[in-house]
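One structure is given here, and the rest of the page talks about it.
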Amino acid sequence: TDAPPVTPELPSAGFVSQYELVNGEPWLVTTFGDAEVWAGHNQTGWIASTWWQLWPGIEFLFNDVWYRVVDYVPDAEPTDVLLMYRTDIEFDLLLITCRTYDEANNVWLNRLLVYAKRSQ
């Protein structure tokens with residue numbers, strides 16, 4: 001089995017590269033078994049800004065593949081790294097973006113996680 005890496009927190013979906021600054025495309029963070037983990041910045045007009053609407057049961061298109069949402073964690077703590085490596089549900093795709101912006105401290109307090117399975 002795959003062992004979770006030692007990392008201090010879930011990916012921060014803020015500005016991490018010049019590429020992301022230009023077009024807002026999500027980036028592949030890691031894989032876990034056959035599942036892919038993608039992160040994206042939730043700026044208005046960018047794809048990740050709509051991920052909060054991907055509730056369980058909804059089907060959506062991502063990278064030319066149809067998926068159905070199987071679980072939704074709206075307010076994960078950044079230190080909840082093991083959420084990327086869940087074994088209690090089956091998923092092929094995990095989307096992560098930041099939520100709950102704290103203007104006073106200039107940090108995103110939570111992460112939104114959307115787990116999805118390829119549609120049949």
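One is the number of the first residue; the rest follow in order along the sequence.
Looking at residues two or more places apart in sequence or on another chain, you find a side-chain contact (heavy atoms from CB on, under 4.5 Å) between Glu90 and Lys117. Asp64 meets the side-chain hydrogen bond (donor to acceptor under 3.5 Å, both in side chains) test with no other residue; sequence neighbours excluded. Applying the side-chain hydrogen bond (donor to acceptor under 3.5 Å, both in side chains) criterion to Asn63, with sequence neighbours excluded, gives no partner residue. Shown here are the side-chain contact (heavy atoms from CB on, under 4.5 Å) partners of Thr50, two or more places apart in sequence or in another chain: there are none. With sequence neighbours excluded, the residues that form a side-chain hydrogen bond (donor to acceptor under 3.5 Å, both in side chains) with Arg118 are Asp92. Partners of Ser49 according to the side-chain hydrogen bond (donor to acceptor under 3.5 Å, both in side chains) rule, which considers only residues two or more places apart in sequence or in another chain, do not exist here. Evaluation of the side-chain contact (heavy atoms from CB on, under 4.5 Å) rule for Asp102 yields Ala104, Asn105, Val107, Leu109 as partners, not counting sequence neighbours.
To the nearest 0.5 Å, atom CG of residue Leu94 and atom OG1 of residue Thr31 are 12.0 Å apart. With rounding to the nearest 0.5 angstrom, the CG atom of Leu83 is 6.0 Å from the CG atom of Leu113.
Between Ser119 and Arg68, the shortest heavy-atom distance links the atoms OG-N, 3.6 Å. Between His41 and Ala48, the shortest heavy-atom distance links the atoms O-CB, 3.4 Å.
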- Item | Ile96 and Val37: CA distance, side-chain angles, deciding distance, side chain to side chain contact (heavy atoms under 4.5 Å, CB included) verdict | CA-CA 8 Å; Ile96 301 174; Val37 179; 3.7 Å; yes
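By the 4.5 Å heavy-atom criterion applied to side chains, Met84 and Leu82 are not counted as neighbours. Side-chain atoms of Tyr101 and Glu103, non-hydrogen and from C-beta on, do get closer than 4.5 Å to each other.
Side-chain heavy-atom separations under 4.5 angstrom define the hydrophobic clusters, and the remaining members of the one that includes Tyr67 are Leu28, Trp38, Ile47, Trp51, Trp52, Leu54, Trp55, Ile58, Phe60, Phe62, Val65, Val69, Tyr72, Leu93, Leu95, Leu112, Val114.
No donor-acceptor distance shorter than 3.5 angstrom exists from the side chain of Thr100 to the backbone of Asn110, with no hydrogens or angles considered. Between the side chain of Asn42 and the backbone N or O of Cys98 there is at least one donor-acceptor pair closer than 3.5 Å.
Remark: Arg86 is positioned above the aromatic ring of Tyr115, its terminal NZ or CZ atom under 6.0 angstrom from the ring centre and at most 45 degrees off the axis.
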